[in-house]
Each structure stands twice: as C-alpha cells, then as structure tokens.
Amino acid sequence: MKVTFVLNDKVVEARVDPGQSLLEYLRGQGIYSVKYGCEGGECGSCTVIIEGKARNSCLVLMYMVEGQRVETLEGLNVPDGLRDLQARFLNQGAVQCGYCTPGMLLSLEALLREGPQPDEARVRDTLAGNLCRCTGYVRPVKAVIS
Amino acid sequence: MKVVGRKTIRVDGPALVRGKPVFTSDLDLKDVLHCKLLHSPLAHAEITHIDTSAARALPGVAAVLTHLDFDPVYFTSAGQGYPEPSPRDMLILDSTVRYVGDRVALVAAETPETATAALARIGVEYQPLPAVFDPRLARDHLVNLHPLTGPTGIWDARHNVAAHFEVEIGDVTTAFKGSRYVYEGTYSTPFVQQAALEPHVTLTWLDPDDRLVIRTSTQVPFHVRRIVSEVLGIPLQRIRVIKPRIGGGFGGKQEILNEELCAAVTLKTGRPARLEYTRREEFFAARCRHPQIIQLKIGLDDEHRIQAIAMNILENTGAYGAHALTVMSVTAQKTLSLYRAENIRVVANAVYTNLPVAGAYRGYGAPQGFFALEVLMDEIATDLGLDPVELRRRNLVRVGDELSIAQVLGEGGAGYRATVKSMGLEECLSKGQRLMAWKRRRKAHGRGPVRRGVGVAAAGQGSGIPGVDMASAFLKMNEDGSFNLLVGATDLGTGSDTVLAQIAAEVLEVPVARILVYSSDTDLTPFDTGAYASSTTYLSGGAVKKAAEKVREQLLATGLRLLQSATGKIRNGTVIADNGRRLTYAELGTRCMYTEEQCQIMASASHVSYDSPAPYNATFVAVSVDTETGLVSVDKVVSVTDAGQVINPQMAAGQAEGAIPQALGMALSEFMLFDDQGRPLHTDFHTYHIYTAIDMPEIVTRFVTTHEPTGPFGAKAAAEIPINGPAPAVVNAIYNACGVRIRELPVTPEKILQGLKII
C-alpha cells in the first residue's frame, strides 16, 4: 500500500506492506537514530514524535501514519552544533552507552514543547517509558531540570 | 593535574546525542542475509531426526544450518583469555539440547520474514530426556547433562559438576573451636539478566581479499577472533573483528554469542549476514548471573574480631559452564579480602542444570558473595548489640595487610601475592553515615503500618585479573600536533575511550580534544584482553600512560635536537629549550615529518599487572516496608566509593548511579522464573521489571580519594564495585525497619509477610 506522510519536514510517499511497523520502515530508510530495543512498546528506544506526541514506533503500523507528521532525531539535529537539550545531556554526563539517548531526547522534546520548565515528577513520568540500564536516570533527569 | 580528575565530556558523546549511526546494527549491507535461530522448546532432549528440506525449499532461503553441518569442536562461549578457565563443553550446534532456548538450527534468508517462516518448516524429532532444575539435586541426579568424553575441562561430568575448588588458609577447625562467637547462615541469589538495551547483534561479510569481517556488539573483540577461528577451523589471520559503539554490555557481551554462527553463514554462502537477537531471545537464550547458594560461617573472638570464615558455594551455571569456575573464585576471593581473617576455608562447586546459561554480569560473583557476607555481618552485629558500621570497621583490612586468599585463589588456579596498598573504606563508611543520617535513622522507624529502616553493606572488588589481563596501546602524532590513540580496549558505553584520552592528554600536556581515539579493531589496534573484570582504567590506562610517556620522551629529545639545545622541558604542548627557544608540537611534527629528522613520533606499550587493587564501597540504603502488604520501597541510596584517584568524576559517578538500580533489581524487582518444564516465564520488559525513572529512589554518590601506587595516576577500578552493596544493604534495612530477616533473594511481599507471621 501507499502511505503519504511528513517525515522530518519532507513529504514522503512510502510503498509499504500495511503490517510493517514504523520502526522497521524508518531503519530501512537509514533513519538509524530510531533504535530496536524490544519491539513490544516496553523500552522506548524507538521513540519518535508523531503529531507532537512521543510514540513507540515499534507499535505504530505504517498505515497509521497516513497524513501525519513524524519527527526523528535526524530532523531535529541542527547542522554544526547541538540543540540545547543535547548539549545539556552531554554536559551533565547523561549519556553513557547512548543507545537509549535518542529515544529519551525525543520524549523530552515532546515534553518541553508543552512548557519549558517541567518539574522533576513530570520529567520522571515522561522518561518512565524510556528504559535505561546505564545511568539510573539520575543525570538525564538533571539535564532537564537543572 | 590538568585533565585527570577533572570533568571531561565524553569523546563519543556528540555523535551519540545526535543519534549518528554508530552502533553495530546501524549499517546496511548490500545483499545481506537475515539469520534467525530455532531454539529448543524442551529442557533436555536428543534430536533424533531433523528435516530441513521444507525450509530449504522456501523461496528466499539461502542456507539452513544444523548440527549435521559442523565438525564437533568443543569450545566455551566465555570470552576469556587463552587457555580459558571455563570448560569446553559446547558445540556450535549439538544433537543434544540442554535447556529451553538451546540452539537447534539456523536459517539465513533474504528477509527476516522469510527466515522466520522457514524456521517453522524445520521438522525436528526430539527424544525427551529427564531434566534437572534444582542445583541442590544436580550432583546426585540420574541425569547427565554432558558426555564423559569429548568436552574438556569439566570437573566431574558424571555428577554434573562443571567446576570445583577447595582452599584452606590457616586452621579453620581449630579457629572455630577457639572462637568466642560462631554464626552461620545460608544465603541465595537468583538468576538475573544484564538486560543491556542493545540486544546482541552481529554482522559478517567477506572483504575484497576474502577475509572474514565480523562487526559485533562485544566486550571482547580479540577473544571473538580467536574463538571463531578455532571453532570454524579458519586461520586467525583471515578474521577481522570490529567493535563499533556498543549499547551496554554489563558482562553479557563478554561472550561469543552467535558470532560463530553468523560467520559460518557468510563463509558458506559468500554473502554478508546479520544475526540480531530479539528481546525475547535475550531473556532465555543469552546469558545471566550465576545463582549461588552460599553457606557462610564466621567465628569471632571476645573483641568481635573475625578469627575464621568458612564458605561453601553451590553455583548454578545452567546448561553450559561459561565462567562457572572463575565467577565462584571471584565470589570467594573478593569477599574474603575485605575483613582480616587468618583462617579461611572455601569449598565451591558449580553444577549444571537444564536452565539458561549463566555468564558474566557486572560484579562477577562478588554481588552473590557480598550478599551472604554482608547480611551475616548484620546478623552478627544485631546479635552482639553492635552498630553494624562499627563491627565492620573493627575488622576491615588495612594498608600493608597481606591478602592471603589472593595468593591461593587466582583465575582458575593459584593467584599472586597481594598486599593492600590503598584503602579508603573507613572514610567511605564515615561519609556514608553522615549522608544517610545513620544514627538518627537507625532508630526512626515511624508508627503505623509503614515502617522505615536503614541498612549498610561494605564491599570490595578488583582492578583487572592479575597476571592474566594484558592491555596495549599505540600512539602517534600528526603534523598538526594531534595524536591518534589506538587501543584494543573496548568501550561498551562505560566511557573508557574518554578516560584513556584523558590519561594520554595528561601525560602529553594537551587538551583532550587533541587525542583521537580509535578502539577495538583487531586489524588496526593492538591487543587487549577486553572490557571485563574492571580492567580498563587500571590496565589499559596503564598501557596508554606508558605509551604516552614514551612519546613525550621522543618529543622532548627530537624537539631539543631541532632547537639545538642539550636540555629543556615540555610545558603545555610545547618543547622549551634551556636556550630560550621553543617549538610547538605542530611545528615539531611538521618539521620532523617533512624536512628534518624525518621520523614519525610514535610509540606503543603493553601493560600487565600482578596486582589487582581493590576499589572499595560502602552502601547505605533507607527503605519503607508496608507491613500490611509486604511491599518494600527504597527511599534513598548512598553509595561512597574508594576508586583511588578518579580519572573522570562525572563518569565514575555515572557508574555508581547505573549499578545501583541493577542491584536493587536483583534484590526487589527482577524475576527470572521458570515453570516445572524449565520454560522461562519472564521474557519481556513487562514481566522482567528493571528500574524505570519513576521507580528510582534518591541516589547520592560520592568518592573518597586514595592513591593506588600501582594504578595510572593512582587510579583503581570504578565500574563494578558499586553493584555489590545495595542488595545486602536493602535486606539489612528491611530488618532494621520491621525485624524480618531475608536470606534468599529476591525479596517478595510474601517473604515479608511470612516473616511478620501474617501469612
């Protein structure tokens, strides 16, 4: 089937198997910031932003993104530099292995668009869907609220 | 020091926060074959017939591999130095399957869907065999997991004993007789999983010269090269292993896990191949922590000083003996190096069961051992009416003490003489007491159904495997004064590339940004045993420091010749001659590369250590126990570590912050249970609960600085040590809160309520 949607500000016409997940499609297109972690909506490594909301792309089937606006870290990256949140992650030491980092950044990006200064409880709630085995979430949380 | 001990942003950080394609799986290979494994549905069975014709007939299937395709070469999947101390008890594919999840066959196909469809078309006839799941029954069970001939290095295959050792120092029997107090208890720790977010993944292909390239998510690239060469019978020189960025390992990737099968597909078909575990496979067909049942007995004199310790370890290694012996020897050696005791006896047995294969997991036996030791110490303190911190303080080893256990117990045999040269645990305990408000909280249990309490645990670890682990580094200077640092050391997310760059930068007196690190490529980087046993900062750091010192000597000598001076010095990346003339590294490099002297400034160095200095840690935990429901919640964890001179404080703190939830998971939330047929019940993150951002207690981490004379700039290891304390400290805090003593992990509400005699 054909699915037309907006991927990182570009209109895409994708010919896909209707049962294909957005995760599978994106990685197939070389959008590698979207990570495979569990394919069950449990770990958040594959988080993308769809219509402003953070979503597990492993649970989104391609037909569901028809007409929708999908964002990944590739689209958020600025040339020759870092976005504020990326810089804060680095500065706080919030990145260890970095596998869950793109997913965390997208969940937090969606949160920060709702309001620039979320409290700690809100940040933790937001990150509850992004599993991390390296950091204990200490520095990722600090990167947002400090 | 300008760089060491100071905040330094990780060198791989910018690429990681930008989501660049730096991980193993982030690479498209043209015409790649997708591999899927058929796992055994039975815990123990003989494959009597296997029919792959229907699978092969499916369009798009390129290869189906079964045990009939391989010569029987016994090996161990444990990624250890040669000769591996683990038994060689495993075949690439076997006609006997020994646990639910054991590898039966592999399909390589054009798409993952075709590979999965083909798996369903493989017809396997199994002759079920009796199975053993309880390690306490394994030795005398009628079941025999492994054949008596073929495998090598199994201690006693007839009795399912993979590994065994016994050591005695002093005279334990007499010492117990002479002890004023004798305490004993039996403690057990369960299967738990490393659960790195990146599953195991391997990509293989043939390069234009027909050499096999293995790009894999590993902690041990050089061991992968050696073991794949052996198992597949191809020359080592034909193999190149590349480790890109790794999405966490925690020991789970100190294993040759599927690299050899993926490589076999490429060798057979000539095509690139990819084998990536699903999360489900991670849970039942990867590796996990060895469960142990430890009987521990401690005798003390009138003054509460430990006279004798006897430890009996029964370890469950699962279906194969990966790391079986060495995990137990670490259990004994690390735990029995913490307190002064002249008389020590250890008897250790690792037994096979028809359950998933255990392997390396952060702490490597020490978390199991310290659970037993530190809970029993708490019981002793309680019984004697002592503050648990004081009982520990009274018995700690001191600088200058000889560690007799280290000499008799090394990596699969005798070890090396060891003396404590740096020890900051007393200060860790004092600092932790203050940060936890220990004395006040010990007595403030609250009223009503929710009771509060605090507990403590002390622990040690090591820094590399003495006399075994070897690391090397190569450093060269470019004409702009930047340096390429090539190391075999394996950064698996720990930040070791950054730490090693800091060490080179400190010696060379340049900013870290001038050091370009390239690591873990068996063709291009010098050898390193790998990222395990807390070895990288201490050993690989030692190699980098030596190489950098040699380069610094060359810079000074060459620079002074160019400056026509006999004497001078190096300051901030500039050679300054005593005649007043100066030369920057860039000027020096350009001149000696192109016009004068004409040489490459470069040096290499290897490092091995017969010391393995212990980092130390004190962990304090505060809990709330709901005495009506039995639920335990951890309110605060204070973790204070002596890692010698910390090289990168922010990253060292990060190690503690990450280790704590892993240990809390083992204590409270991570369950790997099996049904009565050995089938796993927890194979996803819904049911295997690792700590999330909303489960986390308040975490406070601190470091106490000591100077370890054998470490680079005084450094010791930092990565494993903080995982040892939280589990026993939780259990001790629960006792302090409500008087229930748990000796078997995990803690469950049922156990609490049983302890309270409510159920």
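Residue numbering restarts at 1 for every chain, and letters A, B, ... go by the order of the sequence lines. Only heavy atoms go into these numbers, but all of them, side chains included; no hydrogens, no water, no symmetry mates.
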>> side chain to side chain contact (heavy atoms under 4.5 Å, CB included), that's the test. Do A/Cys43 and B/Leu197 meet it? Break it down for me.
In response: CA-CA 8 Å; A/Cys43 78; B/Leu197 264 291; 3.7 Å; yes
Which atoms of [X] come close to chain B, meaning under 4.5 Å heavy atom to heavy atom: side chain ones, backbone ones, both, or neither?
{"X": "A/Thr135", "value": "backbone"}
{"X": "A/Val141", "value": "neither"}
{"X": "A/Leu127", "value": "both"}
{"X": "A/Tyr99", "value": "both"}
{"X": "A/Glu24", "value": "side chain"}
{"X": "A/Glu39", "value": "neither"}

Can you say whether [X] sits under 4.5 Å from chain A via the side chain, the backbone, both, or neither, judging by heavy atoms?
{"X": "B/Pro112", "answer": "neither"}
{"X": "B/Arg245", "answer": "neither"}
{"X": "B/Tyr277", "answer": "backbone"}
{"X": "B/Leu664", "answer": "neither"}
{"X": "B/Glu113", "answer": "side chain"}

>> Set out, in order, the CA-CA distance, both residues' side-chain angles and the distance that settles side chain to side chain contact (heavy atoms under 4.5 Å, CB included) for A/Val95 and B/Arg10, then state yes or no.
In response: CA-CA 8 Å; A/Val95 181; B/Arg10 54 187 312 131; 4.2 Å; yes
Report the distance from atom [atom1] of [X] to atom [atom2] of [Y], rounding to the nearest 0.5 Å.
{"X": "A/Gln96", "Y": "B/Thr494", "atom1": "CD", "atom2": "OG1", "value": "8.5 Å"}
{"X": "B/Thr692", "Y": "A/Leu131", "atom1": "OG1", "atom2": "CG", "value": "7.5 Å"}
{"X": "A/Cys97", "Y": "B/Phe23", "atom1": "SG", "atom2": "CZ", "value": "5.5 Å"}

>> Quick check for you: among B/Thr498, B/Asp28, B/Asp12, which has the greatest number of heavy-atom pairs under 4.5 Å with chain A?
In response: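 Of the options given, most contacts go to B/Asp28.
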>> Go through it in stages, so that I can follow the logic: the residues are A/Tyr36 and B/Glu198, the test is side chain to side chain contact (heavy atoms under 4.5 Å, CB included), and I'd like the CA-CA distance, side-chain angles, deciding distance and then a yes or no.
In response: CA-CA 7 Å; A/Tyr36 171 88; B/Glu198 178 201 42; over 6 Å; no
> Can you tell if the side chain of B/Asp695 reaches within under 4.5 Å of the side chain of A/Tyr137, non-hydrogen atoms only?
Replying inline: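 B/Asp695 vs A/Tyr137: side chains apart.
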> Does a donor on one side chain and an acceptor on the other come within less than 3.5 Å for A/Arg27 and B/Ser25?
Replying inline: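 Yes, a side-chain donor-acceptor pair sits under 3.5 Å.
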> Under the side chain to side chain contact (heavy atoms under 4.5 Å, CB included) criterion, do B/Lys7 and A/Asn91 qualify, and how do the steps go?
Replying inline: CA-CA 9 Å; B/Lys7 177 175 167 178; A/Asn91 195 40; 2.8 Å; yes
> Would B/Glu670 and A/Arg133 pass as an ion pair if we require N to O under 4.0 Å?
Replying inline: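 Judged by the 4.0 Å cut-off on N to carboxylate O distance, B/Glu670 and A/Arg133 do form a salt bridge.
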